[in-house]
Number of protein chains: 2
Amino acid sequence: MAEAAPQTEGNEARRRAMLQAAAELISERGYGDTRIADVAKRAGTSSGLVIYYFGTRDRLLVDALRFSEESYYDAASRLLDEQRDFRRRLSMLVEWSCVPELPGEVHGSWGLWLDLWSTALRHPEVREARVELDSRWRDLVERIVREGQESGDVRADVGTRRFALSFTVVLDGLSTQVALDDPEITSDLAHDIAMEYAEHELGLAKGPRRLKPRKR
Amino acid sequence: MAEAAPQTEGNEARRRAMLQAAAELISERGYGDTRIADVAKRAGTSSGLVIYYFGTRDRLLVDALRFSEESYYDAASRLLDEQRDFRRRLSMLVEWSCVPELPGEVHGSWGLWLDLWSTALRHPEVREARVELDSRWRDLVERIVREGQESGDVRADVGTRRFALSFTVVLDGLSTQVALDDPEITSDLAHDIAMEYAEHELGLAKGPRRLKPRKR
DNA sequence: AGCGTTTGACTGACTGTTCAATCTAACGAG
DNA sequence: CTCGTTAGATTGAACAGTCAGTCAAACGCT
């Protein structure tokens, strides 16, 4: 079997190109319908080389899922740091869940989540990666809330972890519906539901539903 | 191509057997990894006949998903009718979402939902079926709430549709985590989150978290 | 030369679908 | 009642396409 291999620096770029290509293809066609040859073509190499790098199709795809989600959190984390206003921060979290496309992130990471979930159901490797990724996502939310408490925006008696858990769950549910383009759960409604939930749970003063005017 | 075919009554039994087998296999192995030959073997027929009945693998699997979800709602609807107490009814809804296995339902319909979602992302047929199924599920929840208003358990000013939408979204998110066996979102926690949400939104008197003692 | 990297042709296994042949049961004419 | 006819149901094998993974040869650094 082809042993996973290279460590030089030029190779790292090629590796990333393959992961990027794989992530894109998974989100376009789904995990099961992503072929090695397609990944190779989009990354501008040969399928033999893809196997040379990753050893097996499953490992390639699993790594691609991880790569994509990681770049998502990195981008999210960076953008949050640029904004100190608590309400605005909260709105950002909601926005990302209910309207796709985060700058710097892999294109169309929406389908990726749903695919990640159904794949995790059967692949232990993916299951563990998902748990880890989700925990990191919750940490991020928790951190924001805790900083909200420090700045006095959030009631001090809120259990931050518990809130992070339930809030991310709500966001999961909403984003699923939005991703599946459900006719009843529009992007706007999803935003409202999430913000109302947070306002109630955190004891926030009720504010405008959206900071920027609705796109129409 | 093989045109979908038979109309006699004895055939209906065989048809159901194939759908049942397919649904089981999808939930075990996933949509993409379910082979016609396997479905045929489990249903006790030949793969040729499966194609004879459904014309194509995709149609078979799509029909199987629909079949499974329909039997789920039928069972749910029946069980709800046997129970008139509002709080108990609510608890049943939550229980079904956070702990699998509904009597009379296809085994392990959990994986099916996640697979349904990721498949719906790419297959228009499945997407429409999902929308329809979800709408039916929300109708069920809405009906329960409206009856709760009539019996005086639920505040009269609650928007029933809006609640049905947001509540089912919460249940979706919770059931996803439970299905994926997330270490932080235990079945008990999921139950608490859902009930608290409902209590607040519906203006219910706070009650015991669970009616039956926790399984340990 | 020597090494890691890269290629792309190739293989071997798998699987959806087709198809000709067989079986079953209902039916109607004699 | 019986037997040939027929239409639908069922089978099993063959077909044709697809793809993950292998391999021997070529490449291009150092």
Side-chain angles (χ1 to χ4, degrees), chain A residues 1-26 28-65 115 119 122-123 125-126, chain B residues 1-26 28-65 115 119 122-123 125-126:
Chain A
M1 77 208 68
E3 212 30 65
Q7 43 268 77
T8 12
E9 292 157 22
N11 299 5
E12 191 51 27
R14 182 150 269 185
R15 185 187 176 78
R16 290 172 66 92
M18 291 180 185
L19 290 172
Q20 167 86 21
E24 285 175 17
L25 284 164
I26 293 176
E28 288 169 21
R29 307 179 195 185
Y31 188 101
D33 289 334
T34 298
R35 310 280 148 237
I36 291 185
D38 300 329
V39 174
K41 185 183 292 180
R42 184 166 302 192
T45 66
S46 63
S47 46
L49 196 60
V50 173
I51 291 292
Y52 178 67
Y53 270 68
F54 295 93
T56 172
R57 173 177 171 271
D58 262 350
R59 189 133 52 227
L60 161 69
L61 297 185
V62 169
D63 284 2
L65 288 173
D115 244 83
T119 308
R122 254 93 44 179
H123 290 56
E125 280 178 289
V126 180
Chain B
M1 77 208 66
E3 212 27 67
Q7 41 268 78
T8 13
E9 294 158 22
N11 300 6
E12 191 51 26
R14 180 146 271 184
R15 184 186 177 78
R16 289 173 66 92
M18 290 180 184
L19 290 173
Q20 167 86 22
E24 286 174 17
L25 283 164
I26 293 175
E28 288 168 21
R29 305 179 195 185
Y31 189 101
D33 289 336
T34 297
R35 310 280 151 239
I36 290 187
D38 299 330
V39 174
K41 185 184 290 179
R42 184 166 301 194
T45 65
S46 63
S47 45
L49 195 62
V50 173
I51 291 292
Y52 178 66
Y53 270 69
F54 295 94
T56 172
R57 173 179 172 271
D58 261 350
R59 189 132 51 227
L60 161 67
L61 297 185
V62 169
D63 283 4
L65 289 172
D115 243 80
T119 308
R122 257 93 43 179
H123 291 57
E125 281 178 289
V126 180

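Numbers restart at 1 for each chain; the letters A, B, ... are given by sequence-line order, proteins then strands.
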For the student: nearest non-hydrogen atoms of [X] and [Y], plus distance:
X: B:Ser47; Y: B:Ala40; result: N-CB, 3.5 Å
X: A:Tyr31; Y: A:Ile26; result: N-CG2, 3.8 Å
X: B:Ala64; Y: B:Ala23; result: CB-N, 3.9 Å
X: A:Ala21; Y: A:Val39; result: CB-O, 3.9 Å

Rounded to whole angstrom units, what separation is found between the [atom1] atom of [X] and the [atom2] atom of [N]?
X: B:Leu60; N: C:dT15; atom1: CG; atom2: C1'; answer: 14 Å
X: B:Arg57; N: C:dG16; atom1: CZ; atom2: P; answer: 6 Å
X: B:Leu49; N: C:dT24; atom1: CG; atom2: P; answer: 15 Å
X: B:Ile36; N: C:dT18; atom1: CD1; atom2: C1'; answer: 12 Å
X: B:Phe54; N: C:dT18; atom1: CZ; atom2: P; answer: 16 Å
X: A:Arg29; N: D:dT18; atom1: CZ; atom2: C1'; answer: 14 Å
X: B:Asp33; N: C:dC14; atom1: CG; atom2: P; answer: 14 Å
X: A:Asp38; N: D:dC19; atom1: CG; atom2: P; answer: 8 Å

Do B:Arg57 side-chain atoms and B:Thr34 backbone N/O form a donor-acceptor pair below 3.5 Å?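 Yes.
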Output all residues satisfying side chain to side chain contact (heavy atoms under 4.5 Å, CB included) with B:Arg122, sequence neighbours left out; order by chain, then residue number. A:Asp115
Members of residues 41-48 of chain B that approach DNA chain D, where some heavy atom sits under 4.0 Å away: B:Thr45, B:Ser46, B:Gly48
OP1 or OP2 of [N] under 4.0 Å from side-chain N/O of [X]:
X: A:Tyr53; N: C:dT6; result: yes
X: B:Arg14; N: D:dT10; result: yes
X: A:Tyr52; N: C:dT5; result: yes
X: A:Arg35; N: D:dT18; result: no

B:Met18 side, atom CE; B:Asp63 side, atom CG - distance, nearest 0.5 Å: 12.0 Å
